[in-house]
Enquirer: 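First the structure, then my questions, so here it is.
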Amino acid sequence: MSRTAVISDIHANYHALCAVMEDAFNVERCTEVVCLGDIVGYNAFPGACLDYIRQLECPVVKGNHDEEVANPSGAKMNPIARLAMEWTYDQLSDEQRRWLSRLQYQRIVRPYGATQNSFTIVHSTLDQPKAWSYIVNANDAAGSFTRQFSQLCFNGHSHVPKVYMWNGRAAAEDYDVLHNLVMEGYAEIQPVAGYKYCINVGSVGQPRDNDPRASYGVYDSDANLVIIKRVNYDIASAQAAIIEAKLPEYLAERLGKGC
């Protein structure tokens with residue numbers, strides 16, 4: 001049996017990462033992990049989160065914050081994100097930044113022991129993975145579907161869990177997933193033959209859908225089932241660490257609001 005934890009947008013939130021991984025391993029019985037990028041940025045533990053992901057030796061793709069801290073370019077960021085990025089740069093070693101710089105933008109992953117059910121991982125979009133575009137609606141998803149050659153693609157970047165489907169002609173959003181996450185903090189997606197799916201599992205470390213709980217996904221390749229779920233974590237301690245690090249207070253405030 002292969003159950004893969006799909007995590008994204010950790011953003012240096014070690015408290016959230018530990019809570020998610022405890023749930024993945026001990027509750028969902030995941031045997032594998034994939035990471036969709038943005039390990040660093042915004043929060044107070046970039047080195048600890050990076051070390052945690054590296055010791056897993058799991059498939060990882062590069063996020064825009066990973067790229068910027070590895071090779072500062074002066075790319076457009078809001079002032080708060082830029083301050084956090086400059087602080088983050090100083091917290092990482094040259095070796096850690098080199099590791100981030102070598103990450104690929106997209107990957108095909110085959111679950112252990114599976115002869116089929118390979119899936120794609122990317123941080124932003126498949127059609128322009130280096131442009132860091134957001135998929136926020138079905139029209140955005142349509143462009144990415146044109147470059148998707150597996151039934152499932154997992155992405156992040158927007159920090160908002162979403163599921164889009166492609167029937168070969170048009171893209172549509174699965175609103176039942178959003179409803180179930182709001183009502184239950186848990187949603188299941190059973191992919192239908194002949195359709196492709198673009199699934200955003202939400203953010204571990206900085207959710208932006210007005211739910212402060214960490215979000216992640218689970219892919220059961222044997223059952224061909226995807227789960228998105230929310231996990232409680234010690235938000236107060238994560239906020240205190242941001243203040244202690246003298247990062248902008250707004251970054252602490254938004255964790256409590258999930259926005």
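All heavy atoms count here, side chains included; hydrogens, waters and symmetry mates do not.
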Enquirer: Can the positive tip of Lys229 be found less than 6.0 Å from the middle of the six-membered ring of Tyr186, inside 45° of the ring normal?
Expert: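 No, Lys229 does not lie over the aromatic ring of Tyr186.
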Enquirer: From the options Glu67, His123, Glu68, select the one residue that forms a side chain to side chain donor-acceptor pair (under 3.5 Å) with Trp132.
Expert: Glu67
Enquirer: Check the angle between the aromatic planes of Phe154 and Tyr219 and answer parallel, tilted or perpendicular using the 30° and 60° thresholds.
Expert: tilted
Enquirer: Can a donor-acceptor pair be found between the side chains of Ser150 and Thr120 at a distance below 3.5 Å?
Expert: yes
Enquirer: Is any side-chain heavy atom of Val201 closer than 4.5 Å to one of Ile7?
Expert: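 A side-chain contact under 4.5 Å is absent here.
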Enquirer: Any salt bridge linking Arg110 with Glu32? Criterion: basic side-chain nitrogen under 4.0 Å from a carboxylate oxygen.
Expert: no
Enquirer: Treating Tyr164 as the side-chain partner and Val136 as the backbone partner, does any N or O pair qualify as donor plus acceptor under 3.5 Å?
Expert: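 Here the side-chain-to-backbone pair exists.
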Enquirer: Is there a donor-acceptor pair under 3.5 Å between the side chain of Arg107 and the backbone N or O of Val61?
Expert: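 No; zero donor-acceptor contacts below 3.5 Å.
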Enquirer: Closest heavy-atom contact between Cys30 and Phe25?
Expert: O-CD2, 3.5 Å
Enquirer: Whether the side chain of Asn139 engages the backbone of Ala142 through a donor-acceptor N/O pair (distance < 3.5 Å, no angle test) should be reported.
Expert: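 Answer holds: no.
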Enquirer: Spell out, as yes or no, whether a donor-acceptor pair under 3.5 Å connects the side chain of Ser144 to the backbone of Ala141.
Expert: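 Such a contact is absent between Ser144 side chain and Ala141 backbone.
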Enquirer: State, to 0.1 Å, how close Ala238 and Tyr233 come at their nearest heavy-atom pair, and which atoms those are.
Expert: CB-CE1, 4.1 Å
Enquirer: Below 30° counts as parallel, above 60° as perpendicular, anything between as tilted: where do the rings of His157 and Tyr134 land?
Expert: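 Plane angle under 30°, so parallel.
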Enquirer: Do you know which two heavy atoms are closest between Ala16 and Gly205, and how far apart they sit?
Expert: CB-CA, 4.3 Å
Enquirer: Where the side chain of Gln148 meets the backbone of Tyr197, is there a donor-acceptor pair that is under 3.5 Å apart?
Expert: yes
Enquirer: Could you tell me whether a side-chain N or O of Lys62 sits under 3.5 Å from a main-chain N or O of Arg102, the two making a donor and an acceptor?
Expert: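 Pair absent, no side-chain N/O of Lys62 close to backbone of Arg102.
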Enquirer: Heavy atoms only: give me the nearest Gln96-Ser93 pair and the separation to one decimal.
Expert: OE1-N, 2.9 Å
Enquirer: So, for Asp140 and Ile135, which heavy atoms are closest and what is the spacing to 0.1 Å?
Expert: CB-CA, 3.7 Å
Enquirer: Using a 3.5 Å distance criterion without hydrogens, assess whether the side chain of Arg97 forms a donor-acceptor pair with backbone atoms of Leu92.
Expert: yes
Enquirer: Relative to the ring of His11, is the ring of His159 parallel (under 30°), tilted (30 to 60°) or perpendicular (over 60°)?
Expert: tilted
Enquirer: Give a yes or no answer on whether the side chain of Arg230 reaches the backbone of Asp211 with a donor-acceptor pair at less than 3.5 Å.
Expert: yes
Enquirer: Which of these, Ile39, Val20, Asp38, sits in a side-chain contact (heavy atoms from CB on, under 4.5 Å) with Val204?
Expert: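 Result for side-chain contact (heavy atoms from CB on, under 4.5 Å) with Val204: Val20.
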Enquirer: Whether the side chain of Gln55 engages the backbone of Tyr52 through a donor-acceptor N/O pair (distance < 3.5 Å, no angle test) should be reported.
Expert: yes
Enquirer: Side-chain contact test, heavy atoms from C-beta onward, threshold under 4.5 Å: evaluate it for Thr4 versus Val109 and give yes or no.
Expert: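 Not touching, per the 4.5 Å side-chain cut-off.
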Enquirer: For the pair Arg208 and Asp9, find out whether any cationic side-chain nitrogen is under 4.0 Å from an anionic carboxylate oxygen.
Expert: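 No, no charged N to carboxylate O under 4.0 Å.
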